[in-house]
Amino acid sequence: MFTGFKFMPDETLLEANNLSMFRFYTVDSNILIGIVSLIFIVYEIKFVNNKIKEIPNWVYILKYVGTSGIILTFITTAFFLAPLYGFYAMYNNNNLFFHLMVPVLSIISYIFYEKHSNKYKYAFLGIIPMFVYSIYTSRILINLNNGGLTFKYDFYGFLQGDLRNIIIVIPLIYLVSYLIAVLLIFLIKDYQNRLLFIL
């Protein structure tokens with residue numbers, strides 16, 4: 001996306017070249033999970049090579065936060081953006097990775113291949129990626145066009161042209177972020193419990 005490289009017929013929305021691509025939560029959440037995964041790999045290598053006795057809990061928490069953020073990207077795309085803008089446009093070119101492949105692989109990796117000791121008290125941390133991004137999206141409020149919204153800043157179309165929708169949309173997004181975080185912990189506990197039962 002940064003270079004403008006395309007490998008599928010160009011019918012992609014919500015993309016931008018160069019540094020302007022960072023205005024999308026999709027890109028930011030993918031970069032976050034990438035950075036977190038690199039940190040995780042370093043500690044896993046140390047663990048496998050017996051250089052540490054266990055992976056620190058803060059590393060698991062970072063992975064938890066990153067996974068929660070990328071799942072929000074997946075859900076928002078599948079249930080809001082794709083129906084709104086078209087499935088092909090949302091899963092075309094770079095967005096095929098950002099919206100589908102990376103989130104799905106992150107979910108599979110987190111639930112089935114990693115041992116976590118996360119507790120429900122950490123669920124509020126799942127809101128952090130959206131909270132940080134909200135600081136950027138506040139630009140919507142300071143860049144109104146004669147009191148109205150512009151697609152340039154409300155490019156996801158969450159407010160549907162009506163600024164009053166913000167009192168519903170913002171709490172809803174935070175609620176969804178929190179529920180994702182809770183569900184991740186539940187899935188880990190449920191999967192591990194069933195695995196222990198089988199063994």
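- The heavy-atom pair separating I111 from L187 by the smallest distance is CD1-CD1, 3.6 Å.
- Two different hydrophobic clusters hold L183 and L105 under the rule that ILVMFWY side chains link at heavy-atom gaps under 4.5 Å.
- The distance from atom CZ of F40 to atom OG of S109, rounded to the nearest 0.5 Å, is 7.0 Å.
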Show which side-chain atoms of residues 41-51 pair as donor or acceptor with protein atoms under 3.5 Å away, not counting sequence neighbours.
residue, atom, partner, partner atom, Å
N49, ND2, I45, O, 3.2

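- With values rounded to the nearest 0.5 angstrom, T73 atom OG1 is found 6.0 Å from N30 atom CG.
- Under a 3.5 Å cut-off, the side chain of H99 and the backbone N or O of T77 do not form any donor-acceptor pair.
- The structure places CZ of F80 at 8.5 Å from CD1 of I173, a figure rounded to the nearest 0.5 Å.
- In this structure, the side chain of T67 engages the main chain of K63 through a donor-acceptor pair within 3.5 Å.
- Between atom OG of residue S134 and atom CD1 of residue I170 there is a gap of 5.0 Å, rounded to the nearest 0.5 Å.
- Membership of the apolar cluster around L179 extends to L175, as traced through chained side-chain contacts below 4.5 Å between ILVMFWY residues.
- Around atom CZ of F79, no more than 12 heavy atoms belonging to other residues, nucleotides or ligands sit under 6.0 Å away.
- Linking Ile, Leu, Val, Met, Phe, Trp and Tyr whenever their side-chain heavy atoms come within less than 4.5 Å leaves Y113 and L38 in two separate clusters.
- Note that the OG atom of S106 and the CD1 atom of I33 stand 4.5 Å from one another [nearest 0.5 Å].
- Nearest heavy-atom pair, A78 versus P83, reported as atom, atom and distance to 0.1 Å: O-CD, 3.5 Å.
- Nearest heavy atom pair, residue A123 against residue Y64, reads CA-OH, 3.2 Å.
- Between the OG atom of S68 and the CE atom of M130 there is a distance of 13.5 Å, given to the nearest 0.5 Å.
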Set out, in order, the CA-CA distance, both residues' side-chain angles and the distance that settles side-chain hydrogen bond (donor to acceptor under 3.5 Å, both in side chains) for T76 and Y25, then state yes or no. CA-CA 10 Å; T76 302; Y25 179 83; over 6 Å; no
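- Between L32 and P129, some side-chain heavy-atom pair lies under the 4.5 Å cut-off.
- Residues I167 and I127 share a single hydrophobic cluster, defined by chaining ILVMFWY side chains whose heavy atoms lie under 4.5 Å apart.
- Side chain of Y122 to backbone of V65: no donor-acceptor contact under 3.5 angstrom is found.
- Nearest heavy-atom pair across A181 and G126 is CB-CA, 3.9 Å.
- Shown here are the ring pair (Phe, Tyr, Trp, His ring centres under 6.0 Å) partners of F74, two or more places apart in sequence or in another chain: there are none.
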